[in-house]
Amino acid sequence: DTQFVNVLKPGIIVFIGDKDNMKNVVIVQGNDGIDLWYGNVTNLNYSLYDYVSCGDILGDTIDNNLYLKILSNGRMLTYEEYIK
């Protein structure tokens, strides 16, 4: 099964590919300066340097798993820290 991958925060796609042992990564640099890494994404609806808005469908998961990494100035944030 696959699921749609929705954009959590608006920003610009700054990377598409494999990075840091994660496959099929799309990095969205948010307007707030925080990078959201969406891993395990296929059937991408956007290209490098496209602007995406909150709720846009980025693509699909390869299987039923989405991997999310949140970075602020190179420091990984927990989801709880991010949503504050």
Side-chain angles (χ1 to χ4, degrees):
D1 287 348
T2 64
Q3 295 183 19
F4 290 129
V5 178
N6 293 89
V7 175
L8 296 177
K9 291 270 187 150
I12 296 189
I13 296 174
V14 296
F15 181 87
I16 298 170
D18 297 342
K19 190 172 182 82
D20 291 358
N21 297 322
M22 290 177 67
K23 299 284 185 191
N24 294 34
V25 176
V26 179
I27 299 177
V28 176
Q29 187 172 65
N31 295 342
D32 55 5
I34 294 177
D35 293 342
L36 291 174
W37 295 30
Y38 301 86
N40 208 32
V41 179
T42 189
N43 299 326
L44 197 58
N45 293 323
Y46 296 93
S47 301
L48 196 59
Y49 306 121
D50 280 352
Y51 182 84
V52 291
S53 298
C54 188
D56 285 351
I57 296 173
L58 201 54
D60 302 316
T61 57
I62 291 173
D63 48 29
N64 212 17
N65 297 308
L66 171 67
Y67 303 103
L68 183 65
K69 190 172 182 179
I70 305 164
L71 289 162
S72 176
N73 296 321
R75 186 177 79 84
M76 199 153 104
L77 301 177
T78 65
Y79 184 72
E80 289 75 21
E81 290 174 312
Y82 176 62
I83 59 173
K84 284 184 181 179

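The analysis underlying the following values was restricted to heavy atoms, covering all of them including side chains, and did not include hydrogens, waters or symmetry mates.
Heavy atoms only, all atoms of each residue included: Q29 and D35 are closest at CG-OD1, 3.2 Å. The shortest non-hydrogen separation linking Y38 to L8 is OH-N, 3.0 Å.
For N21, the CG atom is loosely surrounded, since the number of other residues' heavy atoms within 6.0 Å does not exceed 12. More than 12 heavy atoms of other residues, nucleotides or ligands sit less than 6.0 Å from atom OH of Y51. For N73, the CG atom sits in a loose shell: 12 or fewer heavy atoms of surrounding residues, nucleotides or ligands are nearer than 6.0 Å.
Of the options L36, V52, V28, a side-chain contact (heavy atoms from CB on, under 4.5 Å) to K9 is made by L36 and by none of the others. Remark: of the listed residues V5, T2, N6, V5 is the sole one forming a side-chain contact (heavy atoms from CB on, under 4.5 Å) with L66.
Side chains of K69 and K19 form no contact here, defined as non-hydrogen atoms less than 4.5 Å apart. At least one side-chain heavy atom of Y46 sits under 4.5 Å from a side-chain heavy atom of D56. Counting only heavy atoms from C-beta outward, the side chains of L44 and L58 approach each other to under 4.5 Å.
For the pair N45 (side chain) and I57 (backbone), a donor-acceptor distance under 3.5 Å is present. Checked by atom type and distance alone, the side chain of S72 never pairs as donor or acceptor with a backbone atom of I34 at under 3.5 Å. Put simply, the side chain of T78 gets close to the backbone of E81: a donor and an acceptor are under 3.5 Å apart. A donor-acceptor pair is defined here as one N or O able to donate and one able to accept, closer than 3.5 Å; no such pair exists between the side chain of D18 and the backbone of K23.
With hydrogens and angles left out, the side-chain atoms of D60 and N43 include a donor and acceptor closer than 3.5 Å. Looking at N24 and Y67, their side chains never bring a donor and an acceptor atom within 3.5 Å of each other.
I62 and L68 are members of different hydrophobic clusters when ILVMFWY side chains are connected at heavy-atom separations under 4.5 Å. In the hydrophobic clustering of ILVMFWY residues, with side-chain heavy atoms under 4.5 Å counting as a link, M22 and F15 come out together.
Taking OH of Y82 as the start and CG of L71 as the end, the distance is 11.5 Å to the nearest 0.5 Å. Atom-to-atom distance recorded for N40:CG and D63:CG is 4.5 Å, nearest 0.5 angstrom.
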